[in-house]
Amino acid sequence: MSPEIVIRAPSVDALFDQWDPAPVNRRGLDNDARERIVEQWVEHRRDSDVSALVVLLPEAERADGVDAAVSEGIRADMARMTVDCRRHWIRRSLRGRKSRIGIVLFVVCLLLAAGVNYGATDAWTDTFAQTFVVIAWVALWDPGQSVVDAASNRLARKHYAALAQLDTRVRWDARPAT
């Protein structure tokens with residue numbers, strides 16, 4: 001028997017983006033589910049030649065065509081991520097409204113800190129200026145996290161490509177998901 005990666009999911013909806021109205025076979029994976037699959041792939045491929053990804057789903061969700069739709073959806077998401085991470089990773093990381101606001105707030109706060117501290121030498125002015133510096137760095141947390149996430153996805157591109165080609169199956173589990 002060739003090695004498999006086995007992932008247990010509490011439901012079909014937990015695997016896929018719950019806000020996407022598309023059918024399961026065209027819906028993107030939930031970010032946490034995608035990350036879990038890639039982590040398991042990286043961990044298991046070192047030890048053996050992995051031949052399949054198996055997703056354990058609750059027996060209660062079994063219906064005609066669900067297993068094929070889930071398998072197709074996972075492979076399609078991995079193929080989409082392979083292309084998307086190669087072409088759009090930097091632009092996607094800085095596209096968000098929060099990123100633009102954070103960068104603008106960073107610049108404004110640093111300018112305010114420099115203006116408050118310009119020519120002053122007392123401790124209160126320094127404290128007030130440093131408060132703006134702290135706010136500036138906090139404003140960069142979300143944009144910084146977006147860039148880190150985008151770079152991480154870019155580096156995982158080869159894993160997405162391999163997972164898109166991997167045999168993906170669904171097994172139905174009678175045990176309730178915990």
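Residue numbers run from 1 in the order of the sequence given.
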Atom of A9, atom of L57 and distance for their closest heavy-atom approach: CB-CD2, 3.7 Å
Taking the side chain as C-beta and beyond, is there a heavy-atom pair between I37 and Q40 under 4.5 Å? no
S71 and V170, any side-chain heavy atoms less than 4.5 Å apart: yes
Measuring from H159:NE2 to E39:CD, what's the distance to the nearest 0.5 Å? 11.0 Å
Okay, side chain of T82, backbone of A161: is any donor-acceptor separation there less than 3.5 Å? yes
Sorted by chain and number, sequence neighbours left out, side chain to side chain contact (heavy atoms under 4.5 Å, CB included) with A76 holds for R80
May I ask whether I103 and V133 are part of the same hydrophobic cluster, defined by side-chain heavy atoms of I, L, V, M, F, W, Y residues being less than 4.5 angstrom apart, directly or through others? yes
Are side-chain heavy atoms of K98 and P143 found at a separation under 4.5 Å? no
Residues at least two apart in sequence or cross-chain that pass side-chain hydrogen bond (donor to acceptor under 3.5 Å, both in side chains) with D20, listed by chain then number, are none
Interatomic distance, D64 atom CG to R62 atom CZ [nearest 0.5 angstrom]: 10.0 Å
Say whether I135 and V138 are linked into one hydrophobic cluster, either directly or through other cluster members, by side-chain heavy-atom distances under 4.5 angstrom. no
Stepwise side chain to side chain contact (heavy atoms under 4.5 Å, CB included) check, M81 with N153: CA-CA 8 Å; M81 288 298 292; N153 281 336; 4.0 Å; yes
Going through the distances and angles, do D149 and S152 end up as a side-chain hydrogen bond (donor to acceptor under 3.5 Å, both in side chains)? CA-CA 5 Å; D149 290 344; S152 176; over 6 Å; no
Linking I/L/V/M/F/W/Y whenever their side-chain heavy atoms sit closer than 4.5 Å, directly or via other members, would V42 and V50 fall into one cluster? yes
Apply the test side chain to side chain contact (heavy atoms under 4.5 Å, CB included) to residues V66 and W172: give CA-CA distance (whole Å), side-chain angles for both, the deciding distance (0.1 Å), then the verdict. CA-CA 11 Å; V66 171; W172 301 101; 3.7 Å; yes
D13: side-chain hydrogen bond (donor to acceptor under 3.5 Å, both in side chains) partners, not counting sequence neighbours: none
Greater than 12 external heavy atoms within 6.0 Å of R36's CZ: no
Write down the atom of C109, the atom of A136, and the distance for their closest heavy-atom approach. CB-CB, 3.6 Å
Tell me, do R169 and E4 make a side-chain contact under 4.5 Å, heavy atoms counted? yes
Among I7, L53, V24, which residue satisfies the side chain to side chain contact (heavy atoms under 4.5 Å, CB included) criterion with I74? L53
With sequence neighbours excluded, tell me which residues meet side-chain hydrogen bond (donor to acceptor under 3.5 Å, both in side chains) with N25. E72
Can you check side-chain hydrogen bond (donor to acceptor under 3.5 Å, both in side chains) on D77 and Y160, steps first, answer last? CA-CA 9 Å; D77 179 81; Y160 297 139; over 6 Å; no
Do I5 and V54 come within less than 4.5 Å of each other through their side chains, counting heavy atoms only? no
Heavy-atom count check: over 12 atoms from other residues, nucleotides or ligands less than 6.0 Å from D122 CG? yes
So do D30 and L15 actually touch side chain to side chain, heavy atoms under 4.5 Å? no
Considering non-hydrogen atoms only, spot the tightest contact between L163 and R75 and give its length. O-CG, 4.4 Å
From CA spacing to verdict: side chain to side chain contact (heavy atoms under 4.5 Å, CB included), D17, L29: CA-CA 5 Å; D17 180 1; L29 282 172; over 6 Å; no
Taking L166's backbone N and O only, do any of them form a donor-acceptor pair with T168's side chain (distance below 3.5 Å, no angle check)? yes
Does N31 have any side-chain hydrogen bond (donor to acceptor under 3.5 Å, both in side chains) partners at least two apart in sequence or in another chain, and if so, which? R34
If you take all heavy atoms of G102 and L140, which pair is closest and at what distance? O-CD2, 4.2 Å
So for atom CZ, which belongs to F132, do other residues, nucleotides or ligands contribute more than 12 heavy atoms lying within a distance under 6.0 Å? yes
Applying a strict under-4.5 Å side-chain criterion to I, L, V, M, F, W and Y, I'd like to know whether V108 and F128 cluster together. yes
Under the ring pair (Phe, Tyr, Trp, His ring centres under 6.0 Å) rule, what pairs show up with a residue in residues 100-119, not counting sequence neighbours? F106-W137
Is R27 reaching over with its side chain to a backbone N or O of F16, donor-acceptor style, under 3.5 angstrom? no
